[in-house]
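Taking it in order: structure first as structure tokens, then the write-up.
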Amino acid sequence: MHAVQDKWLPIWDELAPFRSGRPDDTRPTKYVLDMFPYPSGDLHMGHAEAYALGDVIARYWVHKGFNVLHPIGWDAFGLPAENAAIKRGEDPKSWTYENIAMQKSSMRRYACSFDWDRVLNTCDPEYYKWNQWLFLQMYERGLAYRKNSAVNWCPSCQTVLANEQVVGGLCERCDSQVTKKKLNQWYFKITDYADRLLEDMSELEGNWPEKVLLMQRNWIGRSTGAEVSFDIEGRDEPVVVYTTRPDTLYGATFFVVAVDSDLAASLAAGSESEAEFNTYLNQVKSTSEMDRLATDRPKTGVFLNRYAINPVNGERLPIWASDYVLADYGTGAVMAVPAHDQRDLDFARTFNLPVRVVVESETDPAETGEATADDGAHVNSGPLDGLGKAEAIAKMIDILQGEGRGKSATNYRLRDWLISRQRYWGTPIPIIHCPDCGEVPVPESQLPVVLPDAAGLDLSPKGESPLGAADEWANVPCPKCGIQARRDSDTMDTFVDSSWYYLRYLNPQLDTAPFEKAEANRWLPIDQYVGGVTHAILHLLYSRFFTKVMFDMGLVDFKEPFTRLLNQGMVVMDGSAMSKSRGNLVRLSDELDAHGVDAVRLTMVFAGPPEDDIDWSDVSPGGAKKFLARAWRLSGDVNSAVDIDFATGDLALRKVTHKAMADSELALESNRFNVVVARAMELVNATRKAIDSGCGSADAAVREATHTVAILLSLVAPYTAEEMWARMGYEPSVALAPWPIADPALLVEDETECVVQINGKIRKRLQVPPTISEADLRELAMSQENVIAEIAGREPKVVIVRPPKIVNIVLG
RNA sequence: GCCCCCGUAGCCCAAUCGGUUAGAGGCACACGACUUAAAAUCGUGCCAGUGUGGGUUCAAGUCCCACCGGGGGUACCA
């Protein structure tokens, strides 16, 4: 195997079949993108699957005559490098670049069809300069801003955690219970794009997995309803609440504000409940995320000794503070309608508050403890009485609007994207804090703000970014007024890096702009994106957001970055995800050593549909290896002249060959790559048979069939395919061979079998021409002897004729 | 809790629109040929009526309903 590698890698380097974008290249373009890897150690089985699949697509399109852009790079900033550095006293930079070199050499061995002239690393200043530039563009547009907010905090790691790093209320790294902490942090205003992120999904419908679109829809979580303004006794300012059920306003019996909101604090201030409120607030603050997540936790709260006035009937509603209302959704306050909202009902039952039904239903929520949220006729609701839900909502909004007490409103589950990280190994945020001028953007001419050397910095977690301790780096004059100021010491979330990297591949060395617009319009949007479903929400949502921002900035002319998305499954072992601690880790390098690159790639592709998980204990790389050897042997048997006319070949084998071409193409276009492999196996079997006991090895059809096998196999087993190609006397590389086009004349059968059923039971099989007309087939079927006998003169109720496959005669 | 997806031979998987008696391919297994023998190779065979129960239809693995089993997403979003 090493010999084969040593032979072909230099040839591929020389021929560069996958180099894209020469200026004189007139082929139409395709952009195939694999999600770029994080350089933590060598490639693993998951990479091997993903890259095998991306390669099938890229190589297929090259065969089809496209100019294919298939780049690779490294998502090289991030916490694992920093942790490894702390553990070993090493520089994150050297750790990262060593891993990149290792992965790159594994990818070359794995024969990935990447364009090696376009490699990028996100930790290179040439790359992250443009993160900073994009940040400043967004800052100018008001899309990057700083706010104080309660964020996830790991008390052990002493750092902020992203939502995705909180797993079941625990820190994903150290399993400590995560708490909330109020911090001043940078955000991207992704919520401004919530509607467009939802609406543009219609473009992706059918080309992205339905599951991913659904997950994004749920994550954005648009809901419609109304804002209603409530006066508060003894307070000048009214309080606005958001509700999806304004129609149930007559059923409101109390009012709840989020205990950790500023509103709650201001309502409690000076009331006789203030002390009790503070005790409760402290208790809630010390509750871990873990406990907060428990769904059946009993309701808790404190009465604030204040009242809100229901705008439709003037009733006094007691105001409570509770932690079941979220401070950062809607307005942090709700009207409570216990009869028709389960949470409100649970609260009402805990604190003995009244329940008033305003939508008719068969059961009584006060008795059953089950709130009724369904549609029904309204009662006890003044002007809404008798109306159904939809009409009642519309009418209530009309009434409120007329009185200036409310209006229709929309809310989202989606929150703004917190991008600050108190970490070293990331992109420095290009802002300088000046005692006089405040936040001052770093002037474009001073970009990039390069990370200070890790040497001499204490990278261990201590609650603030290690960058702050690099005094020489941090202390700079204010760009505006020149007095002593300090750089922002936080770095950006690494998801910023990956939100636009696919554009940087177009020209990774460009130092005047993040990318060229003309190139972007030439290559993008990406024709096929391949990656794991783990990024269904975060990365894919952030990238869509960035693309829309760049569209608004005039940097690109498209609104969606990824036209088609394929989520490959995971490679598991014995039914569960591989992990060292579980003891079921399969090392890619071991598999490659044992079976060879081609056999591992073939196994990955053949195991099943690309979206399905592969259980490595279910598949057989040994079997794949045997098949490849069997295919390879065909090429040694071919002994016809290189330029023999295929048309002179054995008709039966030619038909099988051309059927395989047509079927494979169909399967490739719909990502059924496992079926392509099956077709290749079928063709190999048929060719073997033809050689051993059919037309013989000298027949032109054998050469044509083997030629086709080599091209089909070149998608998954490039070394074997090249060996076959060379052995048959072709050159220079099968990767450059044009895709074989099936001859329609060889695809039609002369005769096909048609069944004649009577009452669904098969009574006769006929050989008919595939082009037979409905009338002819009906007549032929009805004139069959045993059919006539079976009908026995009765009048068929109906005769279904579906030429050329089936006739069904239904008797009464 | 809510939302979504999936159940086809011992195992992994095929099966355009609903259309022949569910089978392309592979794994495993068994047998035969070759061999002194084994490996390799070549060949042959093997096995389910599509999770369960209903429904629609001339016709259901495919469409609809309910249930069972497995997997995923989300987490008090008013």
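In what follows, chains carry the letters A, B, and so on, assigned in the order in which the sequence lines appear, proteins first and then strands, with residues in each chain numbered from 1. Computed from a prediction, not measured in an experiment: that's the story for all the values here. Quick note: numbers below take in every heavy atom, side chains included, and nothing from hydrogens, waters or symmetry partners.
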How would you label the contact of [X] with the nucleic acid (heavy atoms, under 4.0 Å): base, sugar-phosphate, or nothing?
X: A:Arg415; answer: base
X: A:Leu214; answer: sugar-phosphate
X: A:Asp615; answer: nothing
X: A:Phe606; answer: base

Between [N] and [M], how far apart are the two [atom1] atoms, rounded to whole Å?
N: B:rU52; M: B:rC68; atom1: C1'; result: 7 Å
N: B:rU62; M: B:rA9; atom1: P; result: 15 Å
N: B:rG18; M: B:rC31; atom1: C1'; result: 40 Å
N: B:rU44; M: B:rC4; atom1: C1'; result: 46 Å
N: B:rA48; M: B:rA66; atom1: C1'; result: 25 Å
N: B:rC67; M: B:rC5; atom1: P; result: 15 Å
N: B:rC64; M: B:rG23; atom1: C1'; result: 27 Å
N: B:rA33; M: B:rG51; atom1: P; result: 41 Å

Output the rounded distance in Å from [atom1] ([X]) to [atom2] ([N]).
X: A:Ile537; N: B:rC3; atom1: CD1; atom2: P; answer: 17 Å
X: A:Leu634; N: B:rU41; atom1: CG; atom2: P; answer: 13 Å
X: A:Phe627; N: B:rC42; atom1: CZ; atom2: C1'; answer: 16 Å
X: A:Lys689; N: B:rU41; atom1: NZ; atom2: P; answer: 17 Å
X: A:Asp344; N: B:rA78; atom1: CG; atom2: P; answer: 12 Å
X: A:Leu777; N: B:rU20; atom1: CG; atom2: C1'; answer: 13 Å
X: A:Lys659; N: B:rU16; atom1: NZ; atom2: C1'; answer: 11 Å
X: A:Asn567; N: B:rG73; atom1: CG; atom2: C1'; answer: 13 Å

* Within 45° cone of A:Trp219 ring axis and under 6.0 Å: A:Arg413 NZ or CZ -> no
* A:Lys299 NZ/CZ over A:Tyr324 ring centroid, <6.0 Å and within 45° of normal -> yes
Which nucleotide, [options], lies nearest any side-chain atom of [X]?
X: A:Tyr242; options: B:rA78, B:rG73, B:rC58; answer: B:rA78
X: A:Arg802; options: B:rC58, B:rU41, B:rG25; answer: B:rC58
X: A:Ser223; options: B:rG26, B:rG43, B:rA78; answer: B:rA78
X: A:Val675; options: B:rA14, B:rA78, B:rU74; answer: B:rA14
X: A:Arg688; options: B:rG43, B:rG25, B:rG73; answer: B:rG43
X: A:Pro609; options: B:rA14, B:rU16, B:rC58; answer: B:rA14
X: A:Ile800; options: B:rG19, B:rC11, B:rA24; answer: B:rG19
X: A:Val798; options: B:rC58, B:rA24, B:rU74; answer: B:rC58
X: A:Asp692; options: B:rU41, B:rU20, B:rC42; answer: B:rC42
X: A:Lys299; options: B:rG72, B:rC58, B:rC76; answer: B:rC76

* To do: Verify the ring-centre separation between A:Trp320 and A:Phe351: is it less than 6.0 angstrom?
  => yes
* Ring centroid separation for A:Phe606 and A:Phe627, is it under 6.0 angstrom? -> no
Does [N] have a Watson-Crick or wobble partner in any strand here, with both distances under 3.5 angstrom, and which is it?
N: B:rC63; value: B:rG55
N: B:rA37; value: none
N: B:rG7; value: B:rC68
N: B:rG45; value: B:rC29
N: B:rC2; value: B:rG73
N: B:rU16; value: none

* **Residue met sooner reading RNA chain B from 5', once A:Lys805 and A:Gly608 are mapped to nucleotides** => A:Gly608
* To do: Find which nucleotide of RNA chain B each of A:Asn808 and A:Glu753 is nearest to by heavy atoms, and output the residue with the more 5' nucleotide.
  => A:Glu753
* **Syn/anti label of B:rG49 as read from its glycosidic torsion, with the cut at 90° from 0** => syn
* **N-glycosidic conformation, B:rC17 - syn within 90 degrees of 0, else anti** => syn
* To do: Look at the side chain of A:Lys797 against the base of B:rC58 and say whether a donor-acceptor pair falls under 3.5 Å; ignore hydrogens and angles.
  => no
* Asked: Counting only heavy atoms not in A:Asp262, do more than 12 sit closer than 6.0 Å to its CG atom?
  -> no
* Asked: Can you check salt bridge (charged side-chain N to carboxylate O under 4.0 Å, His left out) on A:Glu315 and A:Arg356, steps first, answer last?
  -> CA-CA 13 Å; A:Glu315 281 184 2; A:Arg356 184 192 302 151; 3.0 Å; yes
* Between A:Gln216 and A:Arg544, is a side chain to side chain donor-acceptor pair (under 3.5 Å) present by the stated rule, with each step listed? -> CA-CA 11 Å; A:Gln216 292 213 354; A:Arg544 296 182 59 223; 2.7 Å; yes
Quick one: is [X] getting a side-chain N or O under 4.0 Å of the [N] phosphate, OP1 or OP2?
X: A:Arg672; N: B:rA15; answer: yes
X: A:Arg630; N: B:rG43; answer: yes
X: A:Asn685; N: B:rG43; answer: no
X: A:Arg633; N: B:rC42; answer: yes
X: A:Tyr329; N: B:rA78; answer: yes
X: A:Asn411; N: B:rA78; answer: no

* **A:Tyr280 and A:Thr300 side chains, donor-acceptor separation under 3.5 Å** => yes
* **Trace of the side chain to side chain donor-acceptor pair (under 3.5 Å) decision for A:Arg245 with A:Thr243** => CA-CA 5 Å; A:Arg245 295 294 303 275; A:Thr243 176; over 6 Å; no
* To do: Using a 4.5 Å cut-off on heavy atoms from C-beta on, say whether the side chain of A:Lys389 contacts that of A:Asp374.
  => no
